[in-house]
There are 2 protein chains.
Amino acid sequence: MGVVTGRKKPPTSQDVARLAGVSQSTVSYVLTGSRPISDGTRARVEDAIDKLGYHPNSGARTLRSKRSGVIGLMVPEAEADDGVLMVFIGEIAREARRHGYDILLVTAQEGAGGIRRVVRTGVCEALILMELGRFDERVGPVLDSGLPFVTLGKPEEFPQGSVVDLDFEMLGRMIVERAIEERCDRLLLFGAPSRKRERNDVSRFLDGIEDAAGEEELEVVLDTGPLAEVPDRALRLTAPNERTALFGINGVRQVLFAMAATGALVDDTRLFIALSGEDLVDVSPLLASVPQVDPRRVEISELAVRELVRLLQVDGAGPRITLVEPRWVEG
Amino acid sequence: MGVVTGRKKPPTSQDVARLAGVSQSTVSYVLTGSRPISDGTRARVEDAIDKLGYHPNSGARTLRSKRSGVIGLMVPEAEADDGVLMVFIGEIAREARRHGYDILLVTAQEGAGGIRRVVRTGVCEALILMELGRFDERVGPVLDSGLPFVTLGKPEEFPQGSVVDLDFEMLGRMIVERAIEERCDRLLLFGAPSRKRERNDVSRFLDGIEDAAGEEELEVVLDTGPLAEVPDRALRLTAPNERTALFGINGVRQVLFAMAATGALVDDTRLFIALSGEDLVDVSPLLASVPQVDPRRVEISELAVRELVRLLQVDGAGPRITLVEPRWVEG
DNA sequence: TTGTAGGCGTTATCAC
DNA sequence: GTGATAACGCCTACAA
């Protein structure tokens, strides 16, 4: 067993055909299933296939059929990531495989040009765009590529692609309701609000908040200060006998820790409501004592892929919006 | 501007040739640069190319040349990820693009079969394997695929592929030295040691520790308990007038927070040494006060890609091991 | 139910 | 320095 330098040439459908005693096209038909095949031949072909360890050549298949079996996934810059991204990406890759597709990474850094490239060269036959902004430069190239696509995150203008996202408006309402149930006088929203105008999810969330808080006796405070000092600021806002709920779409971990550090995680003045998730494993013991909403990232990832597969495979399938409802995590 | 349903067919090199008034093969030669072309024709061809917005068809190119321009990246399961993975992946994707390659995700879940698939179908012309175990089932299929590959993480037996990784042995020595410099009597290693036999990085790290601690007056304790209680256990180990250093390859954030929560981050009895990194952005204020080692993930990612490109493009290039030295982060 | 054959868009080997 | 031309491996009308 020496050093193997050259790989031996992989078998072609021609080889399979020869071994099975049929024509090359029959092999192809067995594979694509686009024509009825008698049980006898099918069996012989399949035998030959795994006797040779045959896999259809992707380049040839793509060239001929225009379908590469590859979905382009445009991921945002990872700077300051907290592990959330990886949950989406991993789940998307897994679900894609279940449907026979592979995932090709396109970094947001490449921008619109990156999209044009993978589209024109034909590497990808469909796209998933993550963390879409309200007005996103990537939408243009995607639209005139004509490729089916799904966005995670709802863009401002409804595009010709499908959308899968958390129902942030409902999330807003849920938080308000919970705060009231827990007899809070005030809801402090940390972190995200400062970027309100840039991010679609935040603005929808705030819509939900306003909607639900409008007729209630709940004061809503948008906190834009440093996350580490959120608990302190909350305390200062809270008069004796009052209670303040704390929630944020981002920065959950930081604030959670700040709460814990000051021993304020469970007291009467402040109630921390957590946007939970798989990325928070390292603080999970802390989470046990507070109410949690599940942002359902796994479900969103799966739905995104399934929706794309639908656009690809069901003909006449039009784009649609799917909003996934947040869920309270049972303690 | 109505609803655009059909995408118009992209231009081929044939179209470019026609527009430039040359033969199709000339266009190809301009693109690949595998034959000298006069400046005049080159200019005309390039004009035609961007007048038409031409991009070579990837399927055809792959079919003909056996080079897909795609690198398969095998990522580990993301369960309990802390954001580290995304740093690697993002950086690898970026660096790959700089060299003209794209990254295709292969989840570790697919295991050896996944490798066989991307190899046999010809989607990938090279592979990067992340978080390789000491004895990894994926190495087999990769080896007999004959494809060039790079592993992030040094496997037990030296394979025919290249290796890029942090120099964990040196890391071990650095930690011991620092602990001694800081006049610690004891080094408590949390988290990782329990899995010593499974992970190559951990065992190399411990080798370095033993190597450096052997002749010194430093007691080394392998802590396998819950991370949240590490500071407490450290305290219990520490007699009056003694000092204990704390370090771990994993679980940095948890222990860091536990230290902060008990106000022990900067005291005389315990010294926390952090394995720093981009994933810890959300605790960065806490890091300011402790010594930090940079695990150099960005550099490792870049080197992995460059190494792979070398294997692909420099002929006769053999595999080699590259260990990146950890660095103290200057405060 | 199965076989024959044309062509997808490149690359690279011949010729000139 | 440039132009024809033969594959690459597969899909899919068209025949039988």
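Worth saying up front: this structure is predicted, and the values here are computed from it rather than measured. Order of the sequence lines sets the chain letters (A, B, ...), proteins ahead of strands, with each chain counted from 1.
Taking atom OH on B:Tyr54 and atom C1' on C:dG9, their separation rounds to 7 Å, with Å as the unit. Atom CG in B:Leu31 sits about 12 Å away from atom P in C:dA12, given to the nearest Å. In this structure, the CG atom of B:Asn57 is 16 Å from the P atom of D:dG9, given to the nearest Å. Protein atom CG of A:Leu63 is 9 Å distant from nucleotide atom C1' of C:dG7, rounded to whole Å. Nucleotide D:dA4 holds its C1' atom 11 Å from the CD atom of B:Gln14, rounded to whole Å. One interatomic measurement links the two molecules: NZ of A:Lys66 to C1' of D:dT12, which rounds to 14 Å at whole-angstrom precision.
No more than 12 heavy atoms of other residues, nucleotides or ligands sit less than 6.0 Å from atom CG of B:Asp39. Under a cut-off of 6.0 angstrom, the local environment of CZ in A:Arg98 is crowded, with over 12 non-hydrogen atoms contributed by other residues, nucleotides or ligands.
The main-chain N or O of B:Val123 is found under 3.5 Å from a side-chain atom of B:Ser68 such that the two form a donor-acceptor pair.
Salt bridge annotation for A:Arg297-A:Glu91: absent, with no cationic side-chain nitrogen under 4.0 angstrom from a carboxylate oxygen. Ion pairing of B:Glu95 with B:Arg306 is present here, as a side-chain N (NZ or NE/NH1/NH2) and a carboxylate O approach within less than 4.0 Å.
Nucleic acid contact for A:Thr12: sugar-phosphate only, since backbone atoms but no base atoms lie under 4.0 Å from a heavy atom of the residue. The residue B:Thr26 sits close only to the backbone: its heavy atoms come under 4.0 Å of sugar-phosphate atoms, none of a base. Counting any heavy atom pair closer than 4.0 Å across all strands shown, A:Val27 reaches no nucleic acid atom. Nucleic acid contact class of A:Ser13 (heavy atoms, under 4.0 Å, all strands): sugar-phosphate only.
In this structure, A:Thr32 does not reach the D:dC11 phosphate: none of its side-chain N or O atoms is under 4.0 Å from OP1 or OP2. Contact between the side-chain N/O atoms of B:Arg61 and the OP1/OP2 oxygens of C:dT11 is found at a separation under 4.0 Å.
Checking D:dG3, C:dT2, D:dC11 against the side-chain heavy atoms of B:Val22 singles out D:dG3 as nearest. For B:Gln24, the side-chain atoms get nearest to C:dT10 when compared with the rest of D:dC10, C:dT10, C:dG3.
Taking 3.5 Å as the limit, the base of D:dA13 and the side chain of A:Tyr29 contain a donor-acceptor pair of atoms between them. For D:dA4, its base never sits under 3.5 Å from the side chain of B:Ser23 at any donor and acceptor pair. Side-chain to base pairing of A:Arg35 with C:dT2: one donor and one acceptor N or O lie within less than 3.5 Å of each other. Put simply, the side chain of A:Arg64 and the base of D:dC11 share a donor and an acceptor less than 3.5 Å apart.
Under the side chain to side chain donor-acceptor pair (under 3.5 Å) criterion, A:Ser38 pairs with A:Thr41, sequence neighbours left out.
Between B:Ser301 and B:Ile92 there is a side-chain heavy-atom pair separated by less than 4.5 Å.
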task = Please step through salt bridge (charged side-chain N to carboxylate O under 4.0 Å, His left out) for the pair A:Asp47 and A:Arg44, ending with a clear verdict.
result = CA-CA 5 Å; A:Asp47 267 14; A:Arg44 298 213 313 290; over 6 Å; no

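When the nearest nucleotides of DNA chain D are assigned to B:Gly21 and B:Ser65 by heavy-atom distance, the more 5′-ward of the two goes with B:Gly21.
In the region residues 36-53 of chain B, proximity to DNA chain C at under 4.0 angstrom, judged on heavy atoms, holds for none of the residues.
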